[in-house]
Amino acid sequence: MNSKLSVEEISKFQESILSWYEKNARVLPWRKTSNPYHVWISEVMLQQTQVNTVLPYYDKFVKTYPTIQDFAFDSEDKVLKMWEGLGYYSRVRNFQAGCRQVIEQFGGEVPRDKKQLLSIKGVGDYTAGALLSICYNIPTPAVDGNVFRIYGRLFEVEDDISKAKSKAVYESLVNETMSQSNAREFNQALMDLGATVCLYKNPKCVECPVNQFCSANKNNTIEKFPVKLGKTKVKDVHLLTVVLKTDTNKYLIQKRPSSGLLSNFYMFLSFESDTPFRNQPKFLEDNIPFKVNMKKECLGNVKHVFSHLKWNLDVYSGTVKEKTIRKDKTYSVITETQMKKYAFPVPYQKVWKMYLKSKGLKK
DNA sequence: AATTCGGGGGA
DNA sequence: TCCCCAGAATT
């Protein structure tokens with residue numbers, strides 16, 4: 001697809017975007033650095049995650065791991081704890097693997113070549129483009145949700161953005177229209193324009209510096225673009241979970257498997273099913289591989305929504321003698337104080353809060 | 001090409 | 001509720 005803009009129009013389009021950015025750029029911590037590793041951290045955190053959510057994580061991460069060597073070889077438990085609550089945890093595992101690659105293959109320096117960047121774990125088309133343009137001012141498209149909205153509306157792109165093929169269409173549009181001399185600010189301007197003006201709902205077209213170029217604005221078809229047809233189906237999952245306290249005043253937790261959802265996070269003993277459980281306390285007693293003393297009353301219900309499924313946890317409590325716990329590498333017995341050293345996914349943080357609340361009520 | 005990966009925020 | 005977010009890897 002072609003933008004159908006003349007050379008002169010493209011030049012004016014770029015000037016409009018860049019001068020808007022000069023006045024309206026958001027002040028963000030990763031814009032105060034020229035350290036490619038720090039920019040890379042921000043790009044990974046910002047995948048599918050809004051700026052405000054990322055801010056505290058970015059600060060903490062940079063303070064804890066100021067150099068790529070500090071981060072690349074720390075333990076997975078600590079790395080996951082650092083990322084706890086941010087979601088999409090394979091991002092940080094891939095990022096760490098990618099950092100090791102950069103150290104071993106590229107002398108510790110983020111490469112300036114797209115093909116080399118794409119060979120790095122966790123770096124895809126978007127991140128490669130963002131790093132090349134932001135770190136090195138090399139003109140490369142960085143097609144994200146912002147670009148889908150801005151260019152989808154500018155040129156009334158009919159391609160369905162949920163299809164992988166459409167990304168190439170958008171990349172060619174950006175390639176044709178982006179600033180060649182100031183790719184660094186041009187791409188970041190698109191991000192800010194998408195985040196503050198070209199919004200998904202109720203875009204502020206009156207404030208848009210390129211509204212005179214926008215076909216959807218002209219034809220009053222803003223709400224039709226970008227085109228997205230994919231439907232989201234969310235599966236319901238039922239879980240039983242039990243907070244087990246030992247006779248030694250500690251708690252039993254379990255490490256999740258090393259693959260799949262929330263891999264290598266910690267949790268309370270849990271059982272999962274597509275259909276609701278029956279006789280829940282008995283089910284727990286029968287299926288835990290050592291003797292436990294279950295309380296019959298359910299502490300409550302925790303709901304948690306992921307992108308592709310919905311968890312519904314029934315929370316129980318019980319006691320167990322530490323010596324009777326079957327040896328298993330996945331189990332740990334820890335004190336209440338130690339809990340905050342282990343990475344728990346948000347649904348289990350909710351479970352723990354519910355347990356503490358119920359304990360407080362009884363006293 | 002479609003699915004799997006988290007969690008929070010806005011309307 | 002529904003859809004989105006500075007997406008990438010796996011199936």
Side-chain angles (χ1 to χ4, degrees), chain A residues 25-26 28-31 39-58 80 83-95 97-98 117-135 140-150 152 160-168 170-171 174 184 186-196 198-203 223 226 228-235 237 256-257 259-265 303-311 343-350:
Chain A
R26 290 173 292 177
L28 300 168
W30 45 87
R31 287 181 175 168
V39 175
W40 188 9
I41 295 169
S42 76
E43 289 304 336
V44 175
M45 288 186 169
L46 285 160
Q47 289 166 12
Q48 296 295 289
T49 310
Q50 299 197 47
V51 165
N52 284 335
T53 306
V54 166
L55 286 171
Y57 286 90
Y58 175 83
L80 286 179
W83 214 266
E84 179 189 59
L86 196 53
Y88 282 156
Y89 300 101
S90 64
R91 285 186 293 177
V92 73
R93 279 187 282 262
N94 288 335
F95 180 40
L117 281 169
L118 290 176
S119 75
I120 297 170
K121 270 281 190 187
V123 177
D125 285 320
Y126 164 77
T127 304
L131 290 176
L132 287 171
S133 57
I134 296 174
C135 299
T140 317
V143 176
D144 63 354
N146 296 305
V147 169
F148 280 140
R149 281 197 307 288
I150 296 170
D160 177 3
I161 63 170
S162 58
K163 305 238 174 195
K165 234 173 61 180
S166 307
K167 191 159 63 174
Y170 280 84
E171 279 177 348
V174 176
R184 173 180 289 129
F186 185 88
N187 274 353
Q188 295 185 85
L190 291 180
M191 297 167 187
D192 285 20
L193 195 61
T196 64
C198 198
L199 306 171
Y200 170 69
K201 279 188 180 176
N202 308 318
E223 67 281 357
K228 185 171 184 184
L229 301 175
K231 287 187 177 68
T232 54
K233 48 175 191 277
V234 176
K235 200 174 104 183
V237 178
R256 295 175 64 83
S259 66
L261 182 67
L262 301 169
S263 46
N264 287 344
F265 267 79
K303 293 180 194 302
H304 192 80
V305 179
F306 299 94
S307 25
H308 58 303
L309 47 84
K310 193 190 294 181
W311 271 13
F344 286 86
V346 169
Y348 286 101
Q349 294 175 25
K350 294 178 184 172

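Nothing here was measured: the structure is a model prediction, and the numbers come from that model. A, B, ... follow the sequence lines: proteins, then strands. Residue 1 opens every chain.
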Spacing of A:Tyr200 atom OH relative to B:dG8 atom P, expressed in whole Å:
21 Å
On DNA chain C, more 5' by nearest nucleotide between A:Ala195 and A:Lys310 is A:Lys310
Would you indicate what A:Thr53 reaches in the nucleic acid, counting non-hydrogen atoms under 4.0 angstrom: base, sugar-phosphate, or nothing?
nothing
When you measure only distances, ignoring hydrogens and angles, does the side chain of A:Arg93 come within 3.5 Å of the base of C:dA9 through a donor and an acceptor?
no
Spacing of A:Lys121 atom NZ relative to C:dT10 atom P, expressed in whole Å
4 Å
Which part of the nucleic acid, if any, lies within reach of A:Phe306 when heavy atoms closer than 4.0 Å are counted: base, sugar-phosphate only, or nothing?
sugar-phosphate
Describe the nucleic acid contact of A:Gly230 in one word from base, sugar-phosphate, nothing, applying a heavy-atom distance below 4.0 Å.
nothing
Between B:dA2 atom C1' and A:Leu229 atom CG, what is the distance in whole Å?
15 Å
May I ask you to say what A:Lys350 touches in the nucleic acid, namely base, sugar-phosphate or nothing, with a heavy-atom cut-off under 4.0 Å?
nothing
Mind checking if A:Trp30 touches a base, just sugar-phosphate, or nothing, with heavy atoms under 4.0 Å?
base
Between A:Asp192 and A:Arg31, is the closest basic N to carboxylate O distance under 4.0 Å?
yes
Just the rounded figure in Å: distance from C1' of C:dA6 to CG of A:Asp125.
14 Å
Touch check for A:Asn52, heavy atoms < 4.0 angstrom, all strands: base, sugar-phosphate only, or nothing?
nothing
What is the distance, rounded to the nearest whole Å, between atom CG of A:Asp144 and atom C1' of C:dA8?
14 Å
For A:Tyr88 and B:dG8, give me the distance from atom OH to atom P, rounded to whole Å.
13 Å
